[in-house]
Q: 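The structure is given below, and queries will be raised subsequently.
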Number of protein chains: 2
Amino acid sequence: MANLKQIAAELSLSVTTVSRALKDGPEVHPSTVARVKEVANRVGYVPDHHGRALKTGRTMTLTAVLPMETSDYLSDLAKLPLIEGMTLAARQTGYSLSIYSTTPDDDPVESMRRLLQARSADGLIITRMVSGDPRIKLLLDQGIPFVTFGRTDVDAAYPYVDIDNEQIAYDATRRLMGKGCRRIALQLLVAKDQASAARLKGYQRAMAEAGLPIDQSLIGHGTFTMESSAAWFDRLLASSDPPTGLACANELGLLGALHALGRRGLEPGRDVHIVTRDNTRLSRFLPANIGVHSIDMAAVGHKLIELLEDRIANPLGSVATVLFEGEFDPGEQVGPEEVGVSQILKK
Amino acid sequence: MANLKQIAAELSLSVTTVSRALKDGPEVHPSTVARVKEVANRVGYVPDHHGRALKTGRTMTLTAVLPMETSDYLSDLAKLPLIEGMTLAARQTGYSLSIYSTTPDDDPVESMRRLLQARSADGLIITRMVSGDPRIKLLLDQGIPFVTFGRTDVDAAYPYVDIDNEQIAYDATRRLMGKGCRRIALQLLVAKDQASAARLKGYQRAMAEAGLPIDQSLIGHGTFTMESSAAWFDRLLASSDPPTGLACANELGLLGALHALGRRGLEPGRDVHIVTRDNTRLSRFLPANIGVHSIDMAAVGHKLIELLEDRIANPLGSVATVLFEGEFDPGEQVGPEEVGVSQILKK
DNA sequence: TTAGGAAATCGTAACGTTACGATTGCAGCG
DNA sequence: CGCTGCAATCGTAACGTTACGATTTCCTAA
């Protein structure tokens with residue numbers, strides 16, 4: 001209930017002076033500042049979001065646009081540490097984080113328009129970038145600060161945080177080759193998105209360098225839940241020339257694949273070699289011999305917010321980009337040659 | 001950029017009339033309503049959140065206060081479908097959902113005070129209830145609508161959504177007894193919170209009814225990540241009189257326990273019987289014989305938002321409470337007698 | 001023809017904040 | 001003693017919206 005007017009009345013000061021005192025304005029006498037702060041503290045004054053937003057245009061809210069799965073099954077656990085990292089980072093600097101979920105039915109551009117119109121955020125985080133993503137132009141035109149999670153092939157400069165999916169897929173494929181695999185299956189999360197495209201590119205590069213043919217039937221697209229992954233991999237195992245290596249999209253894809261293997265009495269590391277992305281370190285606890293690559297998604301979330309706040313503070317500054325490489329679990333050798341294992345933040 | 005003033009100017013109307021027309025006020029002529037809406041639509045008008053909030057006090061924002069893990073490891077995957085359910089439900093009715101994360105260092109009451117002062121939400125969802133939770137009194141005093149996820153022993157009426165933890169733990173314990181277990185280990189997530197207390201109560205009731213003694217050393221408290229769960233269960237297995245049954249707190253606790261078992265060459269369903277809570281259905285895909293109880297957390301999130309919106313619309317109405325029971329995976333028999341397996345929503 | 005009244009529209013104020021220019025009080029100086 | 005200049009404080013307006021009462025328009029009935 002406490003507002004500037006009440007504090008001003010209590011101290012027989014003007015609202016203006018109180019407002020200035022609370023932000024240590026140099027125009028107001030130090031002893032007055034102290035008195036004001038004492039009262040503000042006592043009555044538990046916190047500036048009203050909306051009054052301030054209306055006047056300054058700043059809302060102290062950041063919005064993350066996240067795709068939500070509508071199926072019964074989860075498909076991406078990494079979103080949880082990502083959200084945690086973002087909310088904590090935002091809170092540290094006085095921002096609050098709002099989650100705007102989009103469903104597969106939504107038109108991404110149209111729902112973004114709505115979001116922009118409501119002017120309820122100082123900045124946006126957008127994810128699931130697609131090739132030539134139209135949202136980037138829209139956001140640049142509107143002049144609202146934003147950071148994307150994932151790069152895309154758009155002819156414009158914008159800040160992003162990305163995962164070096166191409167390199168990771170390349171390394172993963174070479175690891176499998178190092179175990180002697182020649183027929184390597186690849187799980188891709190969503191057909192159109194930029195992350196999957198990058199993974200595919202890394203896979204293709206590794207295969208081409210090794211002179212191995214690419215069998216399209218070994219490349220799986222789709223939202224891999226545990227169930228669909230199990231069904232997909234089971235189908236591959238049932239074929240006349242089954243894969244001997246598999247690169248999983250994430251921990252849930254892995255669980256599905258392991259399930260399919262188990263049903264056939266096959267073992268990872270013996271019958272089929274597996275490398276997986278796993279940002280929750282869940283696969284470390286499975287009794288299975290698997291190569292694991294993980295990224296600290298909370299750090300990614302942190303970085304996204306950090307870049308966004310930089311952008312808000314300095315909208316015309318140079319565009320920062322960060323690439324996360326993550327690391328393969330130590331103790332494993334990559335095939336032909338070593339790959340770097342340290343987490344690199346490249347500006 | 002579009003606001004009421006611009007629309008009014010374009011149509012040579014007053015701002016008041018435009019405002020009324022847009023919400024189908026009976027005072028304004030139908031043809032005017034049509035003209036106004038046409039223009040509003042064309043320029044993509046969306047009411048400014050803050051202007052409206054300042055005037056009406058309604059922000060169209062709901063805030064969920066969620067504890068965030070600060071360790072490297074996840075400890076509660078169920079939060080993800082919960083968040084998904086809440087954001088989707090909120091969006092359906094025009095609300096947006098803001099996530100306010102608290103860390104273990106935070107004073108729950110103090111950070112709640114801050115949150116209330118900022119008046120940035122029309123209602124709150126709070127979680128991780130503790131015995132005699134002081135936040136309830138604070139919220140009731142402030143008169144802000146809220147719904148808790150979890151009941152607690154406070155002498156006041158408030159709306160909540162809860163999981164019937166006591167019954168679930170009771171049933172789980174009896175299931176293990178049905179497999180012949182007499183020494184049953186119990187994993188509890190957080191010592192003080194209400195959910196763990198209820199689980200403990202269900203466990204104790206089942207043990208008492210069966211005339212079995214309770215060994216405190218078999219009851220584990222703490223934030224069970226995969227690692228800590230593995231360490232804890234390993235210690236139990238190493239003891240002179242190890243447990244033959246285990247009720248896990250969640251899927252991650254399960255993975256840790258399975259890891260501990262695997263290292264000793266033991267098998268679930270043979271050497272130790274395991275029942276677990278698993279709201280992600282992850283354990284179904286593990287090659288292990290485990291009893292699984294799951295709850296549709298997205299539905300829980302949905303319900304939380306629904307009750308909160310009811311509360312906002314009707315702050316003085318009767319207090320609604322919902323209890324989720326979830327279900328054990330079908331095909332398994334409980335020990336001495338059957339337990340109900342259907343999901344029951346009890347008002 | 002005009003008073004009465006309903007229908008439609010308008011003007012003003014207010015929510016809480018901040019920006020900006022105006023005003024006050026006072027010490028120092030010629 | 002009056003003026004200048006600075007430090008401290010104040011007053012007003014505005015952000016976009018809505019509530020409420022005032023005002024205009026226009027139709028109907030005496």
Side-chain angles (χ1 to χ4, degrees), chain A residues 1-37 39-40 43-61 94 96 114 116-122 144, chain B residues 1-37 39-40 43-61 94 96 114-122 143-144:
Chain A
M1 286 286 189
N3 58 19
L4 290 184
K5 202 192 280 184
Q6 287 171 25
I7 297 177
E10 179 160 346
L11 290 166
S12 301
L13 284 172
S14 73
V15 170
T16 304
T17 304
V18 173
S19 172
R20 280 176 170 155
L22 286 174
K23 56 172 78 71
D24 284 312
E27 314 97 326
V28 34
H29 196 278
S31 72
T32 309
V33 171
R35 279 192 307 148
V36 169
K37 285 193 173 175
V39 174
V43 300
Y45 171 79
V46 174
D48 181 285
H49 253 72
H50 306 289
R52 170 181 284 177
L54 195 53
K55 182 60 186 156
T56 63
R58 298 195 57 187
T59 65
M60 296 310 281
T61 295
S96 69
R114 289 254 175 83
L116 292 176
Q117 265 293 327
R119 275 180 233 81
S120 49
D122 291 340
I144 186 169
Chain B
M1 286 286 189
N3 57 18
L4 289 183
K5 201 194 281 184
Q6 287 171 25
I7 297 176
E10 178 160 347
L11 290 166
S12 302
L13 285 172
S14 73
V15 171
T16 305
T17 304
V18 173
S19 173
R20 282 177 168 155
L22 286 174
K23 57 172 75 72
D24 286 312
E27 312 98 327
V28 33
H29 196 278
S31 73
T32 309
V33 171
R35 279 192 307 148
V36 168
K37 285 193 172 173
V39 174
V43 300
Y45 172 79
V46 174
D48 181 286
H49 254 73
H50 306 291
R52 170 180 285 175
L54 195 54
K55 180 62 186 156
T56 63
R58 298 195 56 186
T59 67
M60 297 309 280
T61 295
S96 70
R114 290 254 175 84
L115 201 55
L116 292 175
Q117 264 294 326
R119 276 181 230 78
S120 50
D122 291 340
I144 186 169

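Atom set for the values below is all heavy atoms of this structure, side chains included, hydrogens, waters and symmetry mates excluded. Per chain, numbering begins at 1; letters A, B, ... match sequence-line order.
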Q: In whole Å, I'd like the distance from the CG atom of A:Leu22 to the P atom of C:dT18.
A: 8 Å

Q: Between A:Arg58 (CZ) and C:dT18 (C1'), how many Å, whole number?
A: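 Whole-Å distance recorded here is 13 Å.
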
Q: Looking only at side-chain N and O atoms, does B:Thr56 come under 4.0 Å of OP1 or OP2 in D:dT18?
A: no

Q: Identify which one of A:Asp24, A:Thr16, A:Thr17, A:Val18 satisfies the side-chain contact (heavy atoms from CB on, under 4.5 Å) criterion when paired with A:Arg20.
A: A:Thr16

Q: Given side chains that start at C-beta, do those of A:Asn3 and A:Val15 come closer than 4.5 Å, heavy atoms only?
A: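 With C-beta onward as the side chain, the pair stays apart.
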
Q: Check ring pair (Phe, Tyr, Trp, His ring centres under 6.0 Å) between B:His49 and all other residues, then give those that pass, not counting sequence neighbours.
A: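 With sequence neighbours excluded, B:His49 shows a ring pair (Phe, Tyr, Trp, His ring centres under 6.0 Å) to no residue whatsoever.
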
Q: Give the rounded distance in Å between these two atoms: OH of A:Tyr45 and P of C:dG16.
A: 10 Å

Q: Rounded to whole angstrom units, what separation is found between the CG atom of B:Leu54 and the P atom of C:dT17?
A: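 It is 9 Å, rounded to the nearest whole Å.
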
Q: I need a per-nucleotide contact map over nucleotides 9-14 of chain C, read 5' to 3'. Cutoff is protein heavy atoms under 4.0 Å; write B for the base, S for backbone only, - otherwise.
A: BBBB-B

Q: Are the side chains of A:His50 and B:Thr59 in contact, using a 4.5 Å heavy-atom criterion?
A: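 Heavy-atom side-chain distance check passes, below 4.5 Å.
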
Q: Just how far, in rounded Å, is C1' of C:dT18 from NE2 of A:His49?
A: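 So the NE2-C1' distance, A:His49 to C:dT18, works out to 16 Å.
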
Q: Rounding to an integer number of Å, can you tell me how far B:Gln6 CD sits from D:dC15 P?
A: 11 Å

Q: In whole Å, I'd like the distance from the CZ atom of B:Arg119 to the P atom of C:dG16.
A: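 About 7 Å, once rounded to whole Å.
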
Q: Looking at CD of A:Glu10 and CZ of A:Arg35, how far apart are the two atoms once the value is rounded to the nearest 0.5 Å?
A: 10.5 Å

Q: Any heavy-atom pair between the side chains of B:Val43 and B:Gln6 that's under 4.5 Å?
A: no

Q: Taking only the side-chain nitrogens and oxygens of B:Arg52, find out if one of them lies under 4.0 Å from OP1 or OP2 of D:dG16.
A: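 It does not, given that no N or O in the side chain of B:Arg52 lies less than 4.0 Å from OP1 or OP2 of D:dG16.
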
Q: Given atom CG of A:Asp48 and atom C1' of D:dG16, what is their separation to the nearest angstrom?
A: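 That distance rounds to 14 Å.
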
